[in-house]
Amino acid sequence: MKGNRRYRSDFLFTRPSFIVGAGSVLNIAGRYYPFNYSESAWEADLKAIESDWGIAGEDIQRAYLAINEDQKLVAHND
């Protein structure tokens, strides 16, 4: 599960590369930082809520797995 996150809190923004950043200084070809658009405000809200709950679920899953690992270590050391 490490590094394999499906949900992000910044999903509306793109992740620019170094080349895009360098090109934006010169403003070659115009717009460099496009947003991820939705067809409607309702759809954008739906995506945002899904992503928020997905992040919360991943945090709960990580905590659950960490507690299970701790319990296994404690049981193994007894």
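Not measured: the values here are computed from a predicted model.
Grouped by direct or indirect side-chain proximity (heavy atoms under 4.5 Å, Ile/Leu/Val/Met/Phe/Trp/Tyr only), Ile60 sits alone. Under the 4.5 angstrom side-chain criterion for Ile, Leu, Val, Met, Phe, Trp and Tyr, the cluster partners of Leu46 are Trp42.
If you take CZ on Arg62 and CD1 on Ile67, they are separated by 13.0 Å, rounding to the nearest 0.5 Å.
Scanning for side-chain contact (heavy atoms from CB on, under 4.5 Å) contacts around Glu39 gives Glu43, with sequence neighbours left out. By the side-chain contact (heavy atoms from CB on, under 4.5 Å) test, Asp70 pairs with no residue at all, sequence neighbours left out.
Contact between Ala44 and Ser38 at its shortest, heavy atoms only, is CA-OG, 3.5 Å.
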